[in-house]
Amino acid sequence: MSKIEKLRGFKDYYPEDMEKREWIFQNMRKIAKNFGFQPIDYPSLEFLEMYRLKSGDELVNQTYSFTDKGNREITLIPEATPSTMRMLVARKDLLKPIKWYNIPKLWRYEEPQSGRNREHYQFNADYFGESGVFVNSEIISLACEVLNSMGLKNLYVVRVNHRKLMEAILERIGSIDVASDLSIIDHFRKESVEEISGKLEEHGIKGQKLKNLVSLLSKSYRAEEMEESLSLIDRDLLNESGYKELRETLNQLKDNGYENIVYDPATVRGLSYYTGIVFEGFDREGKFRSIFGGGRYDGLSELFQGPPIPAIGFGMGDAVLENILRENNCWESVNKDKTYFIIGIGMEGKKVANHILYDLRRKGRKVSMDYSDRNLTNSIKHASSMGFQYIILVGEKEMRNKSITLRDLASGEQKIIGMDNLGEI
RNA sequence: GCCGGGUUGGGGUAGGGGAUAUCCUUGGGGACUGUGGAUCCCCGGACCCGGGUUCAAUUCCCGGACCCGGCCCCA
């Protein structure tokens, strides 16, 4: 039983990976704060029942769950929204609107594949207590700005739809089971037109109406193209509140300079709890899974035994984001601080160097020391291959002059600095 | 849960029913206890696991684990 291997679907992060992850998280936090969102956090374990309540057995089957020592059925959290919702309804005193974000670790027991592991981080942002076009566009623009901040501007597209509009469309073309038709439409880009048409036909959507629907689904539209495309189904759709809200949201985003945002009738986001607009972000080429996804879910607070609270939010996983950043070479170094490596020559030199080490640390510098017995050549070699930016040399010469030698490893330049002036470096 | 492809030092690889398992790179050390990335020399390090076939398996067969990808589902 000497298993010292990594669990399937889990990933180790070495310093070089952490540097990138930290950079991603820093950007997320920076933009969320910029938008006036406040950080929250919650446990990584919750009662399994909470997910049964919200998402049913389908999700529960994919959890890392177990019975604890007190016979409670608990699980590593598979998604963020229920915990956020639990926190929200537990506090009646909070001033609205409430704008929260966090970056929890989430777990799902499913087969690993590209852009999907059993453990991952997900940036989440939710806006509670207010609804409408401005709020919709704020939450979508937040997702966009997070991507923009990482150099992905113009490399992604956001597909937006509205649940109520979609339901209205389906009703008008004679759908008898809106929920299951939505889930058929959800597969529009994965299956052939024939397969999709066949399934819809079985549900009684036929003839010209089916043709019109398939034609509507087969592309995305700019705000000003919506009217024409929807008229094809039924002109009366233009009086639907869902249409108006969606169109105005798209206009609002465009007015604020967000360009790659389209109405996409094939974006419906599963069978879950969304009640208004829904949206998903993809890379431009459509090479990867969705980068983020979300929507309005006004009914959820009541399911959690709270008062009705309007809610909209999205989640952005780290795995697909990493795929895309890698593809576009978007990493930037996080660690821009200068780093120092102190080399003391001889026993006396090392003692003095060691004092300087602690002195510089107290002054806030990032500094390490060579405790090995290498010769100077190898010490410098070591320092440069470790990636230090400067070395500090303390030998007989320096001790005699009460100074240190500072060498810039990139340029090779050297200067002598008096020990009393160490603050200068 | 299902399907396809894979697994040889830390990374990348060659090979192969029996022999000291190849090469590159990385790591450690030295040439060179007062000035680095070059060069040369030395050293360390691998056949995923279990079972079967066989005189003999790292090689062939079966199963499993893990990796990559797809399905289901979708945070």
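As the structure is a prediction and not an experimental result, all values here were calculated from the model. Numbered from 1 within each chain, the chains take letters A, B, ... in sequence-line order.
- Annotation: side chain of A:Y156 is in contact with side chain of A:C144 (closest heavy-atom distance under 4.5 Å).
- A salt bridge (Lys or Arg N to Asp or Glu O under 4.0 Å) with A:E110 is found for one member of A:R116, A:R8, A:R118 and no other, namely A:R116.
- Distance noted for atom C1' between B:A21 and B:G15: 8 Å (whole Å).
- In terms of position along RNA chain B, the nucleotide closest to A:V394 lies nearer the 5' end than the nucleotide closest to the other residue of the pair A:V394 and A:E280.
- B:C62 and B:G70 have their P atoms separated by 26 Å, with the value rounded to a whole Å.
- Between A:Y258 atom OH and A:S137 atom OG the span is 9.0 Å, to the nearest 0.5 Å.
- When the P atom is used for both B:C41 and B:C32, the distance is 16 Å, rounded to whole Å.
- The distance between atom CD of A:E16 and atom P of B:U26, rounded to the nearest whole Å, is 16 Å.
- With respect to the salt-bridge test (charged N to carboxylate O, under 4.0 angstrom), the residues A:R72 and A:E49 do not qualify.
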Protein-nucleic acid N or O pairs under 3.5 Å, nucleotides 42-44 of chain B:
none

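- For the P atoms, the distance linking B:C40 with B:U7 amounts to 33 Å, nearest Å.
- Side-chain atoms of A:L409 lie closest to B:G36 of the nucleotides B:G34, B:C72, B:G36.
- Of the inter-residue distances, the one linking A:Y101 atom OH with A:T84 atom OG1 reads 13.5 Å to the nearest 0.5 angstrom.
- For residues 375-385 of chain A, proximity to RNA chain B is found at A:N375, A:L376, A:T377, A:N378, A:I380, A:K381, A:S384, defined as any non-hydrogen atom under 4.0 angstrom from a strand atom.
- Atom pair A:F388:CZ and B:G37:C1' shows a separation of 16 Å (rounding to whole Å applied).
- If you check distances only, the side chain of A:R116 does reach the base of B:C73 with a donor-acceptor pair under 3.5 Å.
- Here the separation of B:U33 from B:C67, taken at their P atoms, is 47 Å to the nearest Å.
- Regarding contacts with the backbone of B:C71, every side-chain N or O of A:H187 stays at 4.0 angstrom or more from both OP1 and OP2.
- At a cut-off of 3.5 angstrom, the base of B:G29 holds no donor-acceptor pair with the side chain of A:R374.
- The cationic group of A:R159 lies under 6.0 Å from the six-membered ring centre of A:F282 and within 45° of the ring axis, placing it in a cation-pi geometry.
- In this structure, OH of A:Y274 is placed 5 Å from P of B:A75, rounded to the nearest angstrom.
- In this structure, A:K190 reaches the B:C72 phosphate: one of its side-chain N or O atoms is under 4.0 Å from OP1 or OP2.
- For the salt bridge (Lys or Arg N to Asp or Glu O under 4.0 Å) test with A:E240, the passing option among A:K164, A:R163, A:R172 is A:R172; the others fail.
- Separating the C1' atom of B:C66 from that of B:U8 is a span of 16 Å, rounded to the nearest Å.
- Spacing between atom CD of A:E191 and atom C1' of B:G70 amounts to 14 Å, rounded to whole angstrom units.
- Look at CZ on A:F10: it is 11 Å from P on B:C66, rounded to the nearest Å.
- On the P atoms, B:G5 is 15 Å away from B:C60, given to the nearest whole Å.
- Nucleotides B:G36 and B:G30 have their P atoms positioned 15 Å apart, rounded to a whole Å.
- For the pair A:R289 and B:G70, the criterion of a side-chain N or O lying under 4.0 Å from OP1 or OP2 is met.
- Here the shortest heavy-atom pairing between A:I342 and A:A353 reads CG2-CB, 3.5 Å.
- Within residues 73-91 of chain A, the residues having any heavy atom closer than 4.0 Å to RNA chain B are, in order of number, A:P78, A:E79, A:A80.
- We find that CZ of A:R108 is positioned 7 Å from P of B:A75, with the value rounded to whole Å.
- In this structure, A:R407 is not positioned above the aromatic face of A:Y390 in the sense of NZ or CZ being under 6.0 Å from the six-membered ring centre and within 45° of the axis.
- One interatomic measurement links the two molecules: CD of A:E111 to C1' of B:G1, which rounds to 8 Å at whole-angstrom precision.
- Distance A:I392 CD1 to B:G36 C1': 16 Å, rounded to the nearest Å.
- Checking A:Y297, A:F292, A:Y127 one by one against A:F314, the ring-ring contact (aromatic ring centres under 6.0 Å, His included) holds for a single residue, A:F292.
- The shortest distance between side-chain heavy atoms of A:V157 and A:V262 falls below 4.5 Å.
- If you check distances only, the side chain of A:Q62 never reaches the base of B:G1 with a donor-acceptor pair under 3.5 Å.
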